[in-house]
Chemist: 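My questions will all concern the structure given below.
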Number of protein chains: 2
Amino acid sequence: MVNKEEFRKKIINTAGQIFSRYGFRKTTMDEISKALKMGKSSIYYYFPGKEEIFEAVVLNEANILRNELTKAIKSVESPLEKMRNYVFVRMKAFEKLSNYYNAIFDKNLDHFDFVETIRAKYDREELAILRLILYDGARKKVFSVANSEYTALAVQTALKGLEVPLFWKKKDVDIEERLNGILDVLFYGIVRK
Amino acid sequence: MVNKEEFRKKIINTAGQIFSRYGFRKTTMDEISKALKMGKSSIYYYFPGKEEIFEAVVLNEANILRNELTKAIKSVESPLEKMRNYVFVRMKAFEKLSNYYNAIFDKNLDHFDFVETIRAKYDREELAILRLILYDGARKKVFSVANSEYTALAVQTALKGLEVPLFWKKKDVDIEERLNGILDVLFYGIVRK
DNA sequence: AAAATATTCGAATAATTTGGTCGATTATTC
DNA sequence: GAATAATCGACCAAATTATTCGAATATTTT
């Protein structure tokens, strides 16, 4: 292979597909290697172990999500649409990612530390983005936000609340419909005017 | 439980869902029992083992498919629509069932004998149905079939050909589009009139 | 209610799977 | 052609998992 780093990416992609389908536990090194048309032991030349591959996959997925999100809010102008796009893309992504999570918290106690780390970092980023959208909206006289920090936190809390059913069982609730409900409240409030 | 046979059905249904998602190998007795909210060992009171559960599931799935198919051809009148309905429902079902098969032929040599048996029986039934549709069409002067047996076989061969990519990797080809292509040839032939 | 039967269960076990190691082998580069 | 990079198959120890078994609990029958 020309470039070692290039092949690592290939492994991350291939493994990512299998992980997303079967989760961490049910995915075997043998499967990954077979999918790569490669001896099982050869993978250990590129990664120290299964967990490290998974870590790289999750990190990669987080980056992809970040890109999609920034693209989503850049694709429209109005703060209203930015907010709508952001939450929709975010929730769609989490729907897809729920397999990974289901896999991790499968049954056993041992959460992977790095997932928490990535998640924490991601949460901070999200808060910043939300604040930016809110702030921008306020500047453009579209939103009327008393405190963008607290409002951003409120939005984030609502989104996290929507994640929960994703990780339990899928398809029980229509996420899209509930998202619209949340956005409605967010945009127009519950107080009659 | 009131009825033992009733509970066997419940096991078949629950296990079926898990099998269809993860395949035979990746599905564990523990998962099945947990999904049934039941001790793992209790399942052995209803089934001798994992393979037997799987066999019951596959048999069950075959029966469901049979029902769907007969319903599909009964729901319409014209032989043309009957044929179209039949092949579409059939292929949709196989798309869903491909997980089971992928699971079986996973890697290891040992195909389950009963799958072959069921399949053989199913193939004979299918041939009979196809012949019936063709024959009925000929009677109604919609089709012009020289030999309904050979034509039925030709249709079946084409359908089997479409199965292959399903069991390899999914989504590579658009089954629906190719189905339409096949039906076009079947209905109108390749000879310009 | 006692006996018989049906059902569930947890712990133990036996068989299989699987993540990972290692030395050898093959390809590539110097 | 030596040195290095990359691949591989055989092997192993640990973990997972299917299955067994005897005991416990529920249900039915007498």
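Numbered from 1 within each chain, the chains take letters A, B, ... in sequence-line order. As the structure is a prediction and not an experimental result, all values here were calculated from the model.
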Chemist: Can you measure A:K37 atom NZ to D:dC8 atom C1' for me and round it to whole angstrom units?
Modeler: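 It is 17 Å, rounded to the nearest whole Å.
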Chemist: Are any of the side-chain heavy atoms of B:L80 and B:F143 separated by less than 4.5 Å?
Modeler: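 Yes. Closest side-chain heavy atoms under 4.5 Å.
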Chemist: Counting only side-chain N and O atoms of A:Y44, is one of them less than 4.0 Å from OP1 or OP2 of D:dC8?
Modeler: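 Answer is no, no contact under 4.0 Å.
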Chemist: Rounding to a whole Å, what distance do you find between A:K34:NZ and D:dT7:P?
Modeler: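 It works out to 17 Å between those atoms.
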Chemist: By the salt bridge (Lys or Arg N to Asp or Glu O under 4.0 Å) test, which pairs, at least two apart or in different chains, include something from residues 36-54 of chain B?
Modeler: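 Found none.
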Chemist: Could you check how far CD of B:E5 sits from C1' of C:dT7, rounded to whole Å?
Modeler: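 Interatomic distance, CD of B:E5 to C1' of C:dT7: 16 Å.
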Chemist: Could you tell me how far apart B:Y46 (OH) and C:dT7 (C1') are, to the nearest whole angstrom?
Modeler: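 Going from B:Y46 (OH) to C:dT7 (C1'), I get 6 Å.
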Chemist: With distance as the sole criterion, is a donor-acceptor pair present between the side chains of A:N180 and A:R84 under 3.5 Å?
Modeler: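 Result is yes, a qualifying pair exists.
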Chemist: If you compare every side-chain N and O of B:Y45 against the phosphate oxygens of C:dT8 (OP1, OP2), does one of them come in below 4.0 Å?
Modeler: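 B:Y45 to C:dT8 OP1/OP2: no side-chain N or O under 4.0 Å.
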Chemist: Rounded off to whole Å, could you give me the CD-to-P distance for the A:E31 and C:dG19 pair?
Modeler: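 Rounded to whole Å, this separation is 9 Å.
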Chemist: Between the protein and nucleotides 9-13 of chain D, which nitrogen or oxygen pairs are less than 3.5 angstrom apart?
Modeler:
| residue | atom | partner | partner atom | Å |
| --- | --- | --- | --- | --- |
| D:dG9 | N7 | A:S41 | OG | 3.0 |
| D:dG9 | O6 | A:S41 | OG | 2.4 |

Chemist: Quick check: do A:T157 and A:K160 have side-chain heavy atoms less than 4.5 Å from each other?
Modeler: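 Contact flag for A:T157/A:K160 side chains = no.
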Chemist: How long is the line joining NZ of B:K4 and P of D:dT28, in whole Å?
Modeler: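 Interatomic distance, NZ of B:K4 to P of D:dT28: 15 Å.
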Chemist: For B:T27, report the nucleic acid contact type (base, sugar-phosphate, nothing); a contact means any heavy atom under 4.0 Å.
Modeler: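 Sugar-phosphate, no base atom in range.
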Chemist: Whole angstrom is fine here: how far is it from NZ in A:K50 over to C1' in C:dT17?
Modeler: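 Taking NZ of A:K50 and C1' of C:dT17, I get 11 Å after rounding.
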Chemist: Write down the distance between CG (B:D30) and P (C:dC9), rounded to a whole number of angstrom.
Modeler: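 It is 13 Å, rounded to the nearest whole Å.
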Chemist: So B:F7 and B:M38, do their side chains get closer than 4.5 Å, heavy atoms only?
Modeler: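 A side-chain contact under 4.5 Å exists here.
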Chemist: Looking at A:Y122, I'd like to know if the NZ or CZ of A:R66 sits under 6.0 Å from its six-membered ring centre while staying within 45 degrees of the ring's axis.
Modeler: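 Checked: cation-pi criterion not met.
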Chemist: Pairing check on D:dA13: which nucleotide meets the Watson-Crick or G-U wobble criteria with it, both distances under 3.5 Å?
Modeler: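 With both distances under 3.5 Å, D:dA13 matches C:dT18.
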Chemist: May I ask you to check whether A:Y86 and A:E126 show a side-chain donor-acceptor distance below 3.5 Å?
Modeler: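 A:E126 and A:Y86 do have a side-chain donor-acceptor pair below 3.5 Å.
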